[in-house]
Amino acid sequence: MRNDTFLKALLRQPTPYTPIWIMRQAGRYLPEYNATRKKAGSFLALAKSPELACEVTLQPLERFALDAAIIFSDILTVPDAMGLGLYFVEGEGPKFERPVREEADIARLDVPDLEKLRYVFDAIALTRKNLKGKVPLIGFSGSPFTLACYMIEGGGSDDFRRVKSMLYARPDLLHRILRINAQAVIAYLNAQIAAGAQAVQIFDTWGGTLSDAAFREFSLAYSMQVLAGIGHDPQGAHVPRILFTKGGGQWLEAMAGSGADALGIDWTTDLGDARHRVGSRVALQGNMDPMALFGTPATIEAEARRILGRFGEGPGHVFNLGHGISQFTSPEHVHALVEAVHSHSAGKNPA
Ligand code: CP3
């Protein structure tokens, strides 16, 4: 591995500078991504072609000195493989043809045949080969709860009324979905690791919409099952795991004991405060507001310095945005961010 700063930082080991990658770094803000997506015909055709998924995974690394690659895919591939029928309506985001709402739908639900996700594992193996050890490759999955949100709502939602109705009226049904999702995610992440993923991230995008008690019972408990079920890599080494709960700042102490090596932090939490609260239990990943990239190169640099300063000296910080990059972001501003993080963190991360 030519650049292992990302893996080292996740394990709180010293690095020459703070590594950075960007959530949704392969995406619509890059003209070359839009060109490949056009060639594929649709987002799903792009995600399901190992060659094209590999191509777009590598695109941001050609432009920017990023310290990790993340496999181009989507969290909704798992419910799609469960037979829910994923499709995209232009401008409306993801939808499912057959959402899981009635007791009978839930009784039928099962862990998918991993062969249906072969295209993801093939994309990972191909990308590892083409990366030639340049930077590590991240695999990922949605959390059991975040997947359940899309499976029950049938798409995105403003209020999660259907999920929360089930949570309060029939918690037994939601628990059944979450148990199956956790088993599916464990098998999915382990297969990604077998194919070559060198770190894994669990995206709990919607856990932060829950009450404190419900978060612990319906989101964190199942992310912890997943974390406990992740195995070693083919050489027998520990695979670092990142747990990202958007809006999860109030649960950092609980998440620090979840079995994750690192916690993803959104921009609403101060990174210095977060570090103080988790101590030496986990590394931290984050946490610039994606909208800060709509400033100028000078304000982006100042914001990067501020965040590096809030984390402070010593190892255990992976720089990232607090959520996915907007499709309207200028690639030049991403360049300014990556350069600022690298230059202002040089020499700050010894043990
Ligand atoms: O980080 C990366 O570069 C890897 C690629 C990645 C995608 N989706 C590609 C994608 C990752 C890690 C995801 C995760 C994902 N997908 C999450 C969790 C992270 C988060 O953002 O909270 C969620 C909730 C989804 C579900 C999903 N997929 C939504 C809501 C959408 C629509 C987004 C939009 O802006 O319209 C997608 C589609 C999607 N997944 C796109 C990309 C690049 C845009 C699709 C396109 O090209 O038209």
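All ligand and atom numbering here is 1-based and tracks the order in the structure.
Remark: minimum distance from atom 13 (C) of ligand 1 to any protein heavy atom is reached at R24 NE, 3.6 Å. The protein atom (non-hydrogen) at minimum distance from atom 11 (C) of ligand 1 is F140 CZ, 3.6 Å. The single protein non-hydrogen atom nearest to atom 16 (N) of ligand 1 is D74 OD1, 2.9 Å, given as residue, atom name and distance. Scanning the protein heavy atoms around atom 35 (O) of ligand 1, the nearest turns out to be R28 NH2, 2.5 Å. Counting only heavy atoms of the protein, atom 32 (C) of ligand 1 lies nearest to P94 CD, 3.8 Å. Closest to atom 24 (C) of ligand 1 among all protein heavy atoms lies Y150 OH, 3.1 Å. Of the protein's non-hydrogen atoms, F43 CE1, 3.6 Å is the one closest to atom 41 (C) of ligand 1.
Ring-plane geometry between F6 and W21 is classed as perpendicular, the angle between the planes exceeding 60 degrees on a 0 to 90 degree scale with a lower cut at 30.
The heavy atom nearest to atom 14 (C) of ligand 1, out of those in I75, I325, L46, D266, is found in I75.
Ionic pairing of D113 and K116 is not present here: no N-O contact between side-chain nitrogen and carboxylate oxygen is shorter than 4.0 angstrom. A salt bridge is defined here as a Lys NZ or Arg NE, NH1 or NH2 lying under 4.0 Å from an Asp or Glu carboxylate O, and R176 with D172 fails to meet this definition. R281 and E253 are not joined by a salt bridge, as no carboxylate oxygen comes within less than 4.0 angstrom of a charged side-chain nitrogen. Salt-bridge annotation for R310 and D270: present, with a side-chain N of the basic residue lying under 4.0 Å from a carboxylate O of the acidic one. Under a 4.0 Å N-O distance rule, the pair K8/D67 does not qualify as a salt bridge.
Less than 4.0 angstrom separates some heavy atom of F203 from each of these atoms of ligand 1: 12 (C), 18 (C), 19 (C). Residue-ligand proximity, H323 to ligand 1, at heavy-atom distances under 4.0 Å covers atoms 20 (C), 21 (O), 22 (O). Listed by number with element, the atoms of ligand 1 under 4.0 Å from a non-hydrogen atom of I71 are 4 (C). Numbered from 1 in the order shown, with element, the atoms of ligand 1 that lie under 4.0 Å from a heavy atom of R37 read 46 (C), 47 (O), 48 (O). Contact atoms of ligand 1 toward F72: 9 (C), 43 (C) (distance under 4.0 Å to a heavy atom of the residue). Using a 4.0 Å cut-off to heavy atoms of S73, the atoms of ligand 1 that qualify are 5 (C), 6 (C), 7 (C), 8 (N), 9 (C). Of all the atoms in ligand 1, the ones that sit under 4.0 Å from a non-hydrogen atom of F88 are 37 (C), 38 (C). Near Y33, with a cut-off below 4.0 Å to any heavy atom, the atoms of ligand 1 are 43 (C), 46 (C), 47 (O).
At under 3.5 Å, not a single nitrogen or oxygen of W206, backbone or side chain, sits near a nitrogen or oxygen of ligand 1. Where the criterion is an N or O separation shorter than 3.5 Å, residue side chain and backbone included, T205 meets it with respect to ligand 1. Note: no N/O pair closer than 3.5 Å links T146 and ligand 1 by distance alone.
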Check residues 331-339 and write down every donor-acceptor pair under 3.5 Å in which the side-chain atom is one partner and the other belongs to a residue at least two apart or another chain.
{"residue": "E332", "atom": "OE1", "partner": "S330", "partner atom": "OG", "Å": "3.2"}
{"residue": "H333", "atom": "ND1", "partner": "L293", "partner atom": "O", "Å": "2.8"}
{"residue": "H333", "atom": "ND1", "partner": "G295", "partner atom": "O", "Å": "3.3"}

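Between F72 and Y33, a ring centre-to-centre spacing shorter than 6.0 Å is recorded. Taking the six-membered ring for Trp, F88 and F43 have ring centres closer than 6.0 Å.
With contacts defined as side-chain heavy-atom distances shorter than 4.5 Å, the pair L126/C54 qualifies. Within the 4.5 Å cutoff, no side-chain heavy atoms of V185 are placed close to those of I202.
Each of L210, I152, D159 was evaluated against K164; a single residue qualifies, L210, per the side-chain contact (heavy atoms from CB on, under 4.5 Å) test.
Using a non-hydrogen distance threshold of 4.0 Å, A26 registers as a contact of ligand 1.
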